[in-house]
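Structure record follows, encoded as structure tokens.
Keep in mind that what you see is a predicted model, and the values were worked out from it rather than measured. We count ligands from 1, going down the list as the structure has it; atoms in each ligand are counted the same way.
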Amino acid sequence: MKAVVFEEKGKLVLTERPKPCLEKDTDVLVKVTLTTICSSDIHIKHGAVPRAVPGTILGHEFVGVVEETGKAVKQVKPGDRVAVNVETYCGSCFYCERGFVNNCSDPLGGWALGCRIDGGQAEYVRIPYGDNGLTKIPEHVSDEAALFTGDLLSTGYWSAKIGEISKGDTVAVIGAGPTGLCTMMCARLYEPGKIIALDTDADRLKTARENNLADFCINPAAISEKELEEQILELSQGRGADRVFEVAGGKDTFQTAWKIARPNAVVTVVAMYEEDQILPLPSMYGKNLIFKTGGVDGCYCEQIMELIGKGQLDTSPLITHRTSLEHIMEAYEIFEKKQDGVIKYAIKV
Ligand SMILES: [Zn+2]
Ligand SMILES: [Zn+2]
């Protein structure tokens, strides 16, 4: 079968690999129908994900059809259309029992697919703990509509949840890339007073505004830092944002995040940085901020799929490009260089 393999730092190849088989009774074999490229794949390519194992098939965001199930699998059967969760988890360890599945203590727990074990930029994939990692797609939901359930939407849903948004809050989201847009989409579920999108890319801000994901857009590259802080104050009765989501992971975006937050705000850091960040405690003393950081706990896929089915989560504006697995390496180039207004690819397998 065809598959995208992470050979070594800086090198991804589309190559032939044997079709995987079930290894454990809890495994499910999925025939991939639609896959995509995530910025985490680019981080792996750059060598910025230390636990990524060379030789692994990439891909952790995809949908498909169940081909075969292990004896212990109860939730899905061959022929079911499913969305695949970015995280595999045992469901019974200390962390899983508390919903912190990102830190599942099983050797295969957390983000393993397309990082430490073979993922879904391929024709077939073996999913460990299939009962936990697969969500059935209702008949009226298309593959495209369900594509981002397990990663992007899971991340947006989880971050909006831990961000503690209350009705009427002023929410600032730094970064209007795919994850930022999904964070805005999920923040909307909590009925904030306004959502302010910040990004240096005018096209992405336009997408946020045109799809009613953000109410106000600010391009920090077009104004000074002082002007940016003033604009946020103006939009928040002089206080600063009640809730800040840092989804950009840029050079200065962490600093922007705490500066535009009002005192006692919750600042949720979703971004994955390629370098260390500075926490200037003397400057933020007295602001009494609450920081939340992390990687998605992807255990809300059932709720997400229900919201997709009802039309409350609609990621169709994010799919700007479509291609097939044979052409995925061209897609990688465009996606990595952010050319051609690309937000996300839908890649037919
Ligand atoms: Zn991802
Ligand atoms: Zn676990």
Side-chain angles (χ1 to χ4, degrees), residues 4 6 12 24 26-27 32 34-46 48-49 51-52 56-63 72 83-122 125 127-135 146-159 175 177-183 185-186 247-249 269-274 294-301 304 315 318-319 328 331-332 335-336 338 342-347:
V4 177
F6 165 56
L12 309 181
K24 285 186 176 171
T26 45
D27 286 352
V32 181
L34 199 64
T35 190
T36 189
I37 303 168
C38 172
S39 50
S40 305
D41 298 323
I42 307 295
H43 287 302
I44 291 179
K45 183 185 168 190
H46 291 173
V49 181
R51 61 201 159 142
T56 303
I57 298 175
L58 292 185
H60 56 266
E61 191 166 37
F62 51 98
V63 295
V84 180
N85 197 315
V86 56
E87 286 161 346
T88 34
Y89 56 97
C90 74
S92 58
C93 71
F94 176 91
Y95 294 105
C96 282
E97 277 181 349
R98 287 155 180 80
F100 305 140
V101 302
N102 183 40
N103 288 294
C104 169
S105 50
D106 190 273
L108 288 178
W111 175 31
L113 272 180
C115 177
R116 291 178 282 139
I117 60 170
D118 288 341
Q121 286 168 13
V125 58
I127 309 294
Y129 295 113
D131 270 346
N132 301 329
L134 300 172
T135 309
L147 179 58
F148 305 127
T149 303
D151 188 25
L152 267 188
L153 278 174
S154 281
T155 303
Y157 192 87
W158 162 81
S159 60
T179 312
L181 294 169
C182 280
T183 301
M185 203 179 288
C186 294
V247 197
V269 181
V270 185
M272 192 165 148
Y273 301 100
E274 290 198 351
V296 54
D297 286 312
C299 49
Y300 304 104
C301 289
I304 291 167
T315 49
L318 273 63
I319 300 179
I328 193 169
Y332 257 104
F335 186 80
E336 183 175 354
K338 293 188 182 141
V342 64
I343 299 177
K344 284 293 270 189
Y345 265 95
I347 301 167

Quick one: closest heavy-atom pair of Val270 and Thr179, and the distance? CG1-CG2, 4.3 Å
Taking all heavy atoms of Leu58 and all of Tyr332, pick out the closest pair and write down the distance. CD1-OH, 3.4 Å
Correct closest heavy-atom pair for Ser154 and Thr149 would be OG-O, 2.7 Å
What pairs of residues pass the ring pair (Phe, Tyr, Trp, His ring centres under 6.0 Å) test when at least one of them lies in residues 83-103, not counting sequence neighbours? none
Hey, are Asp41 and Gln121 close enough side-chain-wise for a donor-acceptor pair under 3.5 Å? yes
Only residue of Leu134, Val86, Asn85, Asn132 satisfying side-chain contact (heavy atoms from CB on, under 4.5 Å) with Cys301 is Asn85
Restricting to side chain to side chain donor-acceptor pair (under 3.5 Å), what partner residues turn up for Asn102, sequence neighbours left out? none
Ignoring water, what protein N, O or S atoms are under 2.8 Å from the Zn ion (ligand 2)? Cys90 SG, Cys93 SG, Cys96 SG, Cys104 SG
Please indicate how many protein N/O/S atoms are found closer than 2.8 Å to the Zn ion (ligand 1), with waters neither displayed nor included. 3
List the atom of Gly249, the atom of Ala271, and the distance in Å for their closest heavy-atom pair. N-CB, 3.3 Å
Contact between Trp111 and Arg116 at the side-chain level, heavy atoms closer than 4.5 Å - yes or no? no
